[in-house]
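Lettering of chains follows the sequences in order, A, B, ..., and the numbering in each one begins at 1.
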2 protein chains.
Amino acid sequence: MAGATREGAGVATLSDVARRAGVSPATASRVINGSSKPVTDELRERVLRAVADLQYVPNAHAQLLARSHRGAVGVIVHDVSDPYFSEITRGLQRVATDRGRLLMICNSYRDPERELEYVELLRGQQVAAIILAGSGYHDPDFTRLLNGKLAAYEATGGRVAVIGRHEHSGDAVMPDNRAGARLLGEEIRRLGHERVGVVAGPKMLTTTTDRLTGLREAFAAHHRELPEHRIRYAAFDRDTGAAATASLLDAEPELTAIAALNDSMAIGALSLLRSRGIAVPGQVSVFGFDDMPMARDVTPALTTVRLPLVELGTRAMALALDAGSAKPRVESLAAELVRRDSSAPAKGMARY
Amino acid sequence: MAGATREGAGVATLSDVARRAGVSPATASRVINGSSKPVTDELRERVLRAVADLQYVPNAHAQLLARSHRGAVGVIVHDVSDPYFSEITRGLQRVATDRGRLLMICNSYRDPERELEYVELLRGQQVAAIILAGSGYHDPDFTRLLNGKLAAYEATGGRVAVIGRHEHSGDAVMPDNRAGARLLGEEIRRLGHERVGVVAGPKMLTTTTDRLTGLREAFAAHHRELPEHRIRYAAFDRDTGAAATASLLDAEPELTAIAALNDSMAIGALSLLRSRGIAVPGQVSVFGFDDMPMARDVTPALTTVRLPLVELGTRAMALALDAGSAKPRVESLAAELVRRDSSAPAKGMARY
DNA sequence: AGGTGTCAGGTAAGCGCTTTCCTGACAGCC
DNA sequence: GGCTGTCAGGAAAGCGCTTACCTGACACCT
């Protein structure tokens, strides 16, 4: 009965442990987080037993406050359940785990406002680094605000890395969307498609404009155009992709190709075409972008542009965790065309 | 120049703000987090200006420590990039956001050890609730250890809710895996399949055994068996699902149906079958489980068992955030068979 | 023997905030 | 005019830890 103290009355604290072990809090602390300061086996033993008895877990906030040590890393993505971001996150996670960091994932759901809130929140949590993944917005006010907050964070030692954002001036990993789209445009031209509908992403996202620009460049190189009336702006997801395809087809039934600016929308397009009994690629070719894992599993398997998604994540995390250099480091990762079964020469181009 | 203090020398703190505004830290604190205590407009104004000037963000750890207030909520999942978990997470996130809580997502990658670590970590972060999503493990030692830690957490006011785990004695949301599998078994029997290969999940997961049990029960009801030699244990992912299917087919080319215990593996099976030129459902029917979003997008669209994934998440979060009741609340969510194009009557059963 | 070096362990000062309790000013009352 | 009540704002005590610094014991030296 001798050891009976007022335990169970709330969370066990370090001093509870110390008291039970009959040592000072300092000694208990040293044992618990393996300080360099030596402690005799006798005391160490007693402390460890007390820890076990009390199921003691250090209060992370108190620790962090006391050490003013930055622990975790935060990433703000548009939406983790989107495979594009799951893959990137997988890469981030891998490196974070290797370096013993906890990764906190925040979904902005493409709401700039919420993105700002999460930056504040992560800053408040004293995270070691903030990673922003996913396209930026065409919105100067927002960009200025965001950059202001990030600058304040960096000014106090925080690290920032972005994936696929032009607007930030620091370390960045950039998928080469424009060059990728150019490859795609070349391929479409090569296959002889003249009437091409484009299912683009949200107009406000820079990724959308980058990809559109690349596509246009490829067409311009052959003195062709990508007229605005053959472009639809959707939400980068399956269902709006299907709707956009329907709208495109209703306006112009003779299209021979649909280029969707990401795979989710391409899959929506595929599904819409199937439901209308239009053969792919027999009547219409479909192109995607990103090469997310499921692109190979749909039928026909999707011709798309591969982005090294996981690597985007690993690189960004490496950038964020390695000591920052004076000059911003920008790594550009190349895209690659992946030909599968959803594309074929345009009718009358069978010689290809 | 009058207001120039040693700013920029680290993160701005509350007292920096107070000093700059010419008030006490107490007043600054009251203004900043809208305490009930009244503050004159004059002072309030000055404090807010100082906050803006200094780009001040409260140190969340200090706040949490001082209030000993539990803020965020943590969820431990097997792997968010698995659509099964992304969907659940989406549900969790929705409710968490509604209630103004930050959700921290932790991936255990099906490593019990890491799951334990994350529980400790979240406990240390003083989260308001811990949600465990995903199958438990057939491992009494681990279960005992985990329950011990969770009990300690709950003893100090933490809330715990689990999704799809039998082993925990508290609040739980349970997908009815067994009944769902029974439905699936019934359907397979109804279609007249006699030689059925099963691509199961990891043997150590209770979800695997539950689904297997349901399947067996349906077969037993018709005096049929599900012999062990027609079962393969894979890793619940696409690639191992394909490999397991290959192994099944190699051992017994006359199988007329493959029942995969989740959709990812079913998609792997589909891909393997396609690569071998085996028609689905012409020669072999394929069945999945979960009804993840992409099940409708593969070709042929997957016949599967729908689990209300998002709802699993919303319910669990609601349980976790609502005040706990004395007796554990267990909500069971029904599964539902979804017939699509990957299944057909067995050969010789065309009358169906 | 006295001095010095070494080392295990304790003491106490914060880390940045919240909040209770106190103070002093002022208005309203007999 | 003196008393009380009210109320804005400040002082200070923690929240649970870490760690620089101090203490006292002991061994070893001249």
Could you tell me whether the phosphate oxygens of C:dC17, OP1 or OP2, come under 4.0 Å of any side-chain nitrogen or oxygen in B:Ser29? no
Between A:Asn33 and B:Thr40, who's closer to the 5' end of DNA chain D by nearest nucleotide? B:Thr40
Separation of C:dA8 P from A:Arg44 CZ (nearest whole Å): 11 Å
Atom CG of A:Asp41 to atom C1' of C:dA8: distance rounded to whole Å? 12 Å
Which nucleotide wins on minimum distance to the side chain of B:Ala26, given the candidates C:dT11, D:dG10, D:dC17? D:dG10
Of B:Lys37 and B:Ser15, the one whose closest DNA chain C nucleotide lies more 5': B:Ser15
Side-chain-base donor-acceptor pair under 3.5 Å for B:Arg30 and D:dG10: yes
Distance test, side-chain N/O of B:Thr27 to OP1/OP2 of D:dG10, below 4.0 Å: yes
Nearest-Å distance for atom pair CZ/C1', residues B:Arg67 and D:dG16: 17 Å
Short side-chain N/O contact to D:dA11 OP1/OP2 from B:Ser24, under 4.0 Å: no
Under a 4.0 Å threshold between the charged nitrogen and the carboxylate oxygen, would A:Arg20 count as salt-bridged to A:Asp53? yes
Parallel, tilted or perpendicular: ring planes of B:His61 versus A:His61, cut at 30 and 60 degrees: tilted
Aromatic ring pairing A:His78/A:Phe85, orientation class (parallel under 30°, perpendicular over 60°, tilted between): tilted
Does some side-chain heavy atom of B:Lys149 sit less than 4.5 Å from a side-chain heavy atom of B:Glu115? no
Report the distance from atom CZ of A:Arg19 to atom P of C:dG10, rounded to the nearest whole Å. 14 Å
Expressed as a whole number of angstroms, how long is the span from A:Arg46:CZ to C:dG10:C1'? 14 Å
In whole angstroms, the gap separating P of C:dG14 from CG of B:Asn59 amounts to 18 Å
Could you state the atom-to-atom distance from CG of B:Leu65 to C1' of D:dG16 in whole Å? 5 Å
Specify the separation, in whole Å, of atom NE2 of A:His61 and atom C1' of C:dG14. 19 Å
Is any side-chain N of the basic residue among B:Arg99 and B:Asp322 closer than 4.0 Å to the acidic one's carboxylate O? yes
